[in-house]
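Worksheet for the structure shown next.
None of these values were measured; they are calculated from a predicted model. Both counts, for ligands and for their atoms, begin at 1 and track the order of listing.
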Amino acid sequence: MEHNIPELVAQLTLEEKAGLCSGADFWHTKTVERLGIPTLMVSDGPHGLRTQDPEQDDPNHSRKAVCFPAGCSVAASFDPDLARREGAAIGREARAFGVGVVLGPAVNIKRSPLCGRNFEYYSEDPVLAGELATGYINGVQSQGVGTSIKHFAANSQEYRRMSASSDMTERTLREIYLPAFETAVKKSQPWTVMCSYNRVNDVFASESRMLLTDILRTEWNFKGFVMSDWGAVADRVKGVAAGLDLEMPGSGGVNDAKIVAAVKAGTLSEAALDKAVIRILNIVFRAADEAAAPAPELDLKGDHTIAAELAKECAVLLQNRGVLPLKKGSKVVYIGGFAKTPRYQGGGSSHINTIRVDSALEMAESHGRRVSYVEGFPADLDQREEEEFLRAVSAAAEADAAVIFAGLPESFESEGFDRSHMRLPESQNNLIARVAAVQKNTVVVLHTGSPVECPWANDVNAVLCMYLGGEGVGAAADALLWGDADPCGRLPETWPLRLEDTPCYLDFPGDGVTADYREGVYVGYRWYDARKMPVRWPFGHGLSYTGYVYRGAALDADTLTPGGTVTARVTVKNSGAMRGAEVVQLYVADATGAPVPGGRVPQALRRFAKIDLQPGEEREVVFTLTPQDISRYSPELHAWCAAPGRYEIRIGHSSRDIRAVLALQYADAKI
Ligand code: BGC
C-alpha cells in the first residue's frame, strides 16, 4: 500500500512525534489512532522467539516457540545458507505471532572467550560473522518480517555493559568490530539496527553521530531505523541528533518531554526529529502491510524437526582417534547429566520457552541403541559424589565405549555477567579424567556456549562439540555419535590451551570505566598466529568421518590491479566412504614487508564455501577477489588501502591446515 509518510508526519503534533520515538511498553511502538498509525511488535531474538504471552502481564512470560541453534552453533556451520534457513523458520513463527521485527542477529566479535554473551554471537572473525548475519537477515526478511542487527557497536563484554567504554584505535574498530555490521547492512539491509549499551572511545553508542549517522547511513547507506538496546539511552536529546530513532522500551514519557522541550528551546532541530519519525514509520507501515497477507500456520513440530536438522550441521568434531562413529550394536555407557538434560540455549533475553527438548539418551533409547546411563554429575551444578563417580567409572570400564556429556551449567555462562575462568566444573574434569583412565574409548560431548579448557584432551579418544545446539541438540548428537550423519561444523573461534593465552587476558574486562582494547587487531587467530602459539584447536578446525583431497589450486592471474579482480579456484574431492560437507577456507597474507603501524596480522579469512559431496564426488570452488580483500584500514587516509607487492592466497581446511599457497602481486598502492 502507498503511504505518504512525510505528509502524515506534517499532521502530527510535536508531542505525538516525540512519543512515536519511544516504545509504548516493552515490546510495542505507539499508535496514533486518528491518523491510522499502527503499532509494531518486536520480540527477541536471535535464535527463536521470546514473544510475550498476550494472556500474561509479565513481559518476560513468553509464548511457546522453537529454540533453534544459538549463534555460537550457527557460526560453526560456516554456512550462510543454514543461517538463512534458521532465519526463515523464525520469520514464519514471527508472522504467526504477529511479530514485526525479530531482535537479532547478534554479531558482536568474540574478543575474549569470557564474554557472558558469546553464545549468542557468531565469531572472532568479522568476515564469518558478517556473512552469517547476512544469511540470517535474508531468511527472516524473506518472510516479511524485519530484523534488528545488534549490538552496534563494540559490545564485547557484559561487565558494566551499560557504561564501560570500549577504547580502541580507528583501525581496530574498522577492521575488527565494524565489518560484520557493514557486510550485513550492505548485503541484506536489515529493517533496523540496535545500538549497544556501551560507550565507544568515551561516546555512548546511543549518542554517537559517527556510528549512527556518518558510518551507518552515509557510508553504508542503511535505510531503516535505529533502536536503542533496552534502557541504553543516556541523553535522549543527544541521541535524536546523533541518529538514534527509537528508544526502547520507553521512559514513561520522561524522555519524550525532553525532546519536546529541546525542540521548543531550539537546541534540537525539528527536522532531526521528523527524520527519526519518518524512518520509524516507514518500517511500521512496511510491517503492517506485510502482516496484511495471511500468516503461515504455526508449525512448532515441523520447526522442531528443522531445529534438529540444523543442529546436526553445526556440531564440530574436535578430535577423533578412531572411536567415532560408535559401532552399532556395541555396548556404550552415557555418563553426565547433560545426556538427559542437555544445555541447548543460554540465559538472558534470548531464552526461549520451548515445546520440547531432545536428549541424546532418549534418542539412543528410541533408536534401540545398546546404551546404559549413569548420571555421574548433574547438569546444573558443580557437584561431586564419590558413590556416583564410582558407579560411572565401573560402568565405563565394563562398556565398549563411554560417552561423557559435559558442559557449562546455566550458572556459569549467561547474559548479564562474564565468566571469570574458562574451566568446566571441577567435578566434570575430575570424572572425565577418571573415566579416561579406565576406558580407552572415551568420548566427551560438550554443551557450552564458548570454549573451555580441556586439560583431559590428550587422554580421551574423541571430543564432539555441540555448542548450544537448540532444542534438537539431542537428536543431532545421537545421529553424529552413531554415524547416521557426518560432522561438518568448523570452529568459528580459536580454542586456546588456557585462559592466560588469550589476546586480552591482561585487560579483560577492564576496570568498569574503560575496556582498553590494547590487543588491537590481534583478536582470535590473528593473535595466536602472530605469536606462533600452540592452541588446543585452531579457528576453522573440524574433523569429519570422511576425507577431503584438494587439488589444482590456481589463480587466473598472478597480478591484481586497482579496480581489477582475480579468481582463485580449487577442486575438492570427498575421498572417503560417506557423504560429507567440506568448508573450503581462503585466507590472505600480506607478504609485502611494507611497514604497518599497529602491526601486520599474519593472515585473515576472506572467503569460505561449504560444499556438500557424495563419496568420490569432486567439485570446483571458485572465489573472486578484489583489492579490498588484500587491504587494511589506514587511519592516516581514513580509507582502505593495500601496499604494492607480494601477497599469499592460502586455501585450506582450517587456519592451520593450509593445503595450497598461491602468490599474488599487487601493482599499486591504491585500491
Ligand atoms: C539485550 C538485547 C535484547 C533486549 C530486549 C537487552 O537487555 O541486550 O539483546 O534484545 O534486552 O530483550
Side-chain angles (χ1 to χ4, degrees), residues 22-29 40-53 56 58-63 65 67-68 70-72 74 87 90 94 97 99-110 115-122 129 133 136-137 140 145-164 166 180-181 184 190-200 204-206 224-234 244-251 345-353 413-418 449 468 509:
S22 68
D25 60 19
F26 241 70
W27 310 118
H28 296 86
T29 60
L40 169 75
M41 173 156 70
V42 302
S43 278
D44 284 304
H47 47 266
L49 291 174
R50 189 171 72 103
T51 303
Q52 184 178 345
D53 187 331
Q56 305 283 337
D58 177 2
N60 291 315
H61 198 119
S62 39
R63 296 178 70 161
C67 177
F68 294 89
C72 54
V74 170
I90 293 170
F97 285 174
V99 172
V101 168
V102 178
L103 304 176
V107 303
N108 295 98
I109 292 294
K110 300 185 188 199
C115 171
R117 253 183 129 167
N118 275 2
F119 71 88
E120 274 182 75
Y121 300 152
Y122 287 133
Y136 177 96
I137 293 166
V140 175
V145 172
T147 53
S148 194
I149 188 170
K150 64 190 188 184
H151 309 88
F152 189 60
N155 179 189
S156 293
Q157 67 186 52
E158 290 298 278
Y159 182 61
R160 297 281 165 90
R161 65 172 174 170
M162 298 190 82
S163 56
S166 303
F181 291 98
W191 290 12
T192 78
V193 168
M194 187 191 294
C195 78
S196 56
Y197 286 121
N198 55 290
R199 290 175 292 149
V200 181
F204 277 108
S206 61
F225 74 77
V226 177
M227 71 175 86
S228 72
D229 198 345
W230 267 232
V233 168
L244 171 62
D245 305 308
L246 178 69
E247 174 184 22
M248 284 305 284
S251 61
Q345 66 172 333
S349 60
S350 66
H351 198 91
I352 290 145
N353 186 6
E413 179 185 51
S414 168
E415 177 179 345
F417 63 88
D418 299 314
L468 300 182

What atoms of ligand 1 come within less than 4.0 Å of a heavy atom belonging to Leu103?
10 (O)

Going by the atom numbers of ligand 1, which of them fall below 4.0 Å from some non-hydrogen atom of Tyr197?
6 (C), 7 (O), 8 (O)

Taking atom 12 (O) of ligand 1 as the point of reference, which of Asn108, Asp44, Val42, Val102 owns the nearest heavy atom?
Asp44

State, to 0.1 Å, how close Ile149 and Ala133 come at their nearest heavy-atom pair, and which atoms those are.
CD1-CB, 4.3 Å

Heavy-atom gap Met248 to ligand 1 smaller than 4.0 Å
no

Main chain of Ser349, side chain of Arg50: is a donor-acceptor contact present, judged purely on distance under 3.5 Å?
yes

What are the two closest heavy atoms between Tyr122 and Tyr136, and how far apart are they?
OH-CB, 3.7 Å

Report, in ascending order of atom number, the atoms of ligand 1 lying under 4.0 Å from any heavy atom of Trp27.
5 (C), 12 (O)

Under 4.0 Å from a heavy atom of Met194: which atoms of ligand 1 are those, numbered in the order shown and with their elements?
10 (O)

Could you walk me through whether Arg161 and His151 pass side chain to side chain donor-acceptor pair (under 3.5 Å), step by step?
CA-CA 11 Å; Arg161 65 172 174 170; His151 309 88; 5.9 Å; no

Side chain, backbone, both or neither: which part of Arg161 comes within less than 4.0 Å of ligand 1 when only heavy atoms are counted?
side chain

Those atoms of ligand 1 less than 4.0 Å from some heavy atom in Arg50
12 (O)

In terms of heavy-atom contacts, Ala184 and Ile137 come closest through CB-CD1, 3.9 Å

Please list the nearest protein heavy atom to atom 6 (C) of ligand 1 with its residue and the distance rounded to 0.1 Å.
Asp229 OD1, 2.9 Å

Which atom of Ser228 lies closest to which atom of Leu244, heavy atoms considered
N-CD1, 3.5 Å

Distance in Å, Asn108 CG paired with Glu120 CD, rounded so as to fall on 0.5 Å steps
9.5 Å

Heavy-atom contacts with Lys150 under 4.0 Å: which atoms of ligand 1 show up? List them by number with element.
2 (C), 3 (C), 9 (O), 10 (O)

Identity of the nearest option to atom 9 (O) of ligand 1, non-hydrogen atoms only, from Glu158, Glu120, Arg117, Glu415:
Arg117

Parallel, tilted or perpendicular, judged at 30° and 60°: which one describes the rings of Trp230 and Trp27?
tilted

